[in-house]
**Q** 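What follows is a single structure, and I will ask about it in a moment.
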Amino acid sequence: MGFGDADGYDLVVVDAMHKANYASRICHSCRPNCEAKVTAVDGQYQIGIYAVRPIEYGEEIAFDYNSVTESKEEYEASVCLCGSQVCRGSYLNLTGEGAFQKVLKDWHGILDRHHLLLGACKLNFVSEEDYIDLGRAGLGSCLLGGLPGWLIAYSTRLVRFINFERTKLPEEILRHNLEEKGKHFADISIEVEKSDAEVQAEGVYNQRLQNLALTLDKVRYVMRCVFGDPKKAPPPLERLSPEAAVSFLWKAEGSLVDELIQCMAPHMDDSMLNDLKSKIRAHDPSGSDDIQKELRRSLIWLRDEVRNLPCTYKCRHDAAADLIHIYAHTKCFFRVKVGLIIILFFLLLLFWFGNSSNLKL
Ligand SMILES: C[S@@+](CC[C@H](N)C(=O)[O-])C[C@H]1O[C@@H](n2cnc3c(N)ncnc32)[C@H](O)[C@@H]1O
């Protein structure tokens, strides 16, 4: 059983190697008579085993492990002996790499991750609705207490994505499993496959939440080491003001334009370079009423100016122009606060890429 821990999290993971009771002897069944639920009793977390139907005297109690694996070998080695008519054949669920990651890849790419984190950092506030959504996902005060607002706000956004993924995943898994099994078996029951896909999606959902909980716990630890009080950890991302964006792109030492000139210098004669430099100075967007708009205009001008310069084998002005084009059409610039990069890495990498660490029963 897991015990409440003020520094811990609300999702309880028990490693029977270290702590166990009779519950660690309960087997999996694909048609279980029990289910495992985490509850808090007198402030202590417990994993309770609850009957889901009447149990005959002498009948073995069992629950659905609801665990997923991405490894075909592990899946095939986990031959299920529950003997029920609806046995899925393995006490683990196989979520092939494709199906497992599909919704994540399609809907929550690098841009969306940054968008969510940046939004949370800007807001740095948690609403009542946020706490309700977090609570529904099992993330409560034990896990969230003492964390800064931006991190809780970010977690809420991730939980909302996880909920969204939960609605999309069954059809993706079903499609993937039908394709895979179709290669080996002629007789496939769609109804059984559908219910398997539901169970697997539920396993992924639980796994994602576990990963989020574990990640938050680790992030809290890092924050405590760096800031003493995790609440004092400032938001790791900061949106650049138009003035700061001009400095970063156009004016400051090491800015985009500064580096561009330095790279071009060895490949251009002095008069051409000086001419370009003075034109760049004349296009400085700083004094404008609408700096953002003017910055874009100046970047587009620079793009065309650079694109028209003659390319050589070692000097691809056209490639530089393409890069400037991307900067010109970038809607939002933000800065990563250096001291927090490590925490950010924890947050982004451990949560999303550490998702193969299953709870093994
Ligand atoms: C938590 S233990 C369950 C108790 C274990 N059977 C025992 O006797 O101590 C989990 C392990 O039991 C085995 N197991 C549980 N359910 C099973 C099932 N339906 N079919 C085959 N093996 C199962 C697997 O080896 C699994 O890793």
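Each ligand, and each atom within it, is numbered from 1 in the order the structure gives. These numbers come from a predicted model, not from an experiment.
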**Q** Please could you name the atoms of ligand 1 that Arg25 approaches to less than 4.0 Å, counting only its heavy atoms?
**A** 3 (C), 4 (C), 7 (C), 9 (O)
**Q** Kindly identify the option in Asp64, Leu92, Leu81 whose heavy atom sits closest to atom 20 (N) of ligand 1.
**A**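 It is Leu81 that holds the nearest heavy atom.
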**Q** Looking at Cys27, which atoms of ligand 1 are within less than 4.0 Å of one of its heavy atoms?
**A** 6 (N), 15 (C), 16 (N)
**Q** List, by chain and then residue number, the residues other than Leu81 in its hydrophobic cluster (Ile/Leu/Val/Met/Phe/Trp/Tyr, side-chain heavy atoms under 4.5 Å); write none if there are no others.
**A** Val79
**Q** Just jot down the ligand 1 atoms closer than 4.0 angstrom to any heavy atom of Cys80, in number order.
**A** 19 (N), 20 (N)
**Q** Taking ring pair (Phe, Tyr, Trp, His ring centres under 6.0 Å) as the definition, give me every residue that meets it alongside His283, ordered by chain and number, with sequence neighbours left out.
**A** Trp301
**Q** Is there a polar contact between ligand 1 and Ser29, counting only N or O atoms under 3.5 Å apart?
**A** no
**Q** Look at the aromatic rings of Phe161 and His108 and report parallel, tilted or perpendicular, splitting at 30° and 60°.
**A** parallel
**Q** Which atom pair, heavy atoms only, marks the closest approach of Ala137 to Leu209?
**A**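 Scanning both residues completely, I find the closest heavy atoms to be O-CD1, 3.6 Å.
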**Q** Run down the list Tyr65, Tyr91, Tyr22 and name the one with the heavy atom closest to atom 23 (C) of ligand 1.
**A**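 That would be Tyr91.
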**Q** Please say whether more than 12 non-hydrogen atoms of neighbouring residues, nucleotides or ligands are located less than 6.0 Å from CG in Asp270.
**A**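 12 or below, so no.
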**Q** Taking both backbone and side-chain atoms of Ser24, is any N or O found less than 3.5 Å from an N or O belonging to ligand 1?
**A** no
**Q** Quick one: which ligand 1 atoms are inside 4.0 Å of a heavy atom on Val79?
**A**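 Per the distance check, 20 (N), 21 (C).
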**Q** At less than 4.0 angstrom from any non-hydrogen atom of Ile26, what atoms of ligand 1 do you find?
**A** 1 (C), 3 (C)
**Q** Taking C-beta and beyond as the side chain, do Leu276 and Glu305 meet within less than 4.5 Å on heavy atoms?
**A**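 When only atoms from C-beta onward are counted, Glu305 and Leu276 do touch, with a gap below 4.5 Å.
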**Q** Below 4.0 angstrom, N of the basic side chain to O of the carboxylate: do Arg136 and Asp133 qualify?
**A**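 A salt bridge links Arg136 with Asp133.
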